[in-house]
Amino acid sequence: QVPIDPPTGATPAAVGDVVYFGTHGGDIFAIDWKKIEQVWRHTPEAKAEFRNSAAATEDVIVAASRSRIILGLDRLTGQPKWSHTASDAIEGSPVVVGNRA
């Protein structure tokens with residue numbers, strides 16, 4: 001077990017030995033499931049509620065929130081690469097096709 005504070009109800013995205021997911025409290029985690037340890041944790045500056053599954057590529061994790069925030073995070077470090085504010089709450093999970101989310 002790895003403590004994550006608020007719950008998550010989403011299916012994690014996985015690349016290799018690391019899974020990625022957001023929580024209802026607004027954090028996004030990268031957890032190494034083999035070592036059973038946190039790789040990184042990102043807390044956005046703006047309040048967010050992540051209830052959707054994240055999308056993962058070799059380079060980026062895309063997480064969308066009910067609080068209208070969509071984030072592109074560096075997969076290895078969790079540092080923000082880009083962000084977007086949607087016009088309404090996002091209820092679906094993001095999908096990455098080519099270089100578009």
Using the side chain to side chain contact (heavy atoms under 4.5 Å, CB included) definition, which of the options V39, V18, V2, D17 pairs with I31?
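Exactly one pass, corresponding to V2.
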Give a yes or no on whether [X] and [Y] share a hydrophobic cluster (residues Ile, Leu, Val, Met, Phe, Trp, Tyr; joining criterion: side-chain heavy atoms under 4.5 Å apart).
X: W40; Y: V15; result: yes
X: L71; Y: Y20; result: yes
X: V95; Y: I61; result: no
X: V96; Y: W82; result: yes

Kindly give the heavy-atom pair with the smallest separation between [X] and [Y], and that separation in Å.
X: P44; Y: G26; answer: CD-O, 3.0 Å
X: A64; Y: G92; answer: CB-O, 4.4 Å
X: K47; Y: S67; answer: O-CB, 3.5 Å
X: F50; Y: A63; answer: CE2-CB, 3.8 Å
X: H42; Y: P80; answer: CE1-CG, 3.5 Å

Below 4.0 angstrom, N of the basic side chain to O of the carboxylate: do R75 and D59 qualify?
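No, no charged N to carboxylate O under 4.0 Å.
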Sequence neighbours left out, what passes side chain to side chain donor-acceptor pair (under 3.5 Å) with T11? Give chain and number order.
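With neighbours one apart ignored, the set is empty.
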Geometric class of the F29/F21 ring pair [parallel <30°, tilted 30-60°, perpendicular >60°]:
parallel
Side chain to side chain contact (heavy atoms under 4.5 Å, CB included) for I70 and V62? Distances and angles first, verdict last.
CA-CA 7 Å; I70 307 168; V62 180; 4.1 Å; yes
Kindly compute the distance separating CZ (R66) from NE2 (H24), expressed to the nearest 0.5 Å.
8.5 Å
Got a second to check how far T23's OG1 is from R41's CZ, nearest 0.5 Å?
7.0 Å
Does some side-chain heavy atom of N52 sit less than 4.5 Å from a side-chain heavy atom of I90?
yes
Can you confirm whether E45 is buried at CD, in the sense that more than 12 heavy atoms of other residues, nucleotides or ligands lie under 6.0 Å from that atom?
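Count not over threshold, so no.
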Return yes when atom NZ of K35 has more than 12 non-hydrogen atoms of other residues, nucleotides or ligands closer than 6.0 Å, and no otherwise.
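Count not over threshold, so no.
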With no hydrogens and no angle check, is any side-chain donor or acceptor of T8 less than 3.5 Å from a backbone partner on G22?
yes
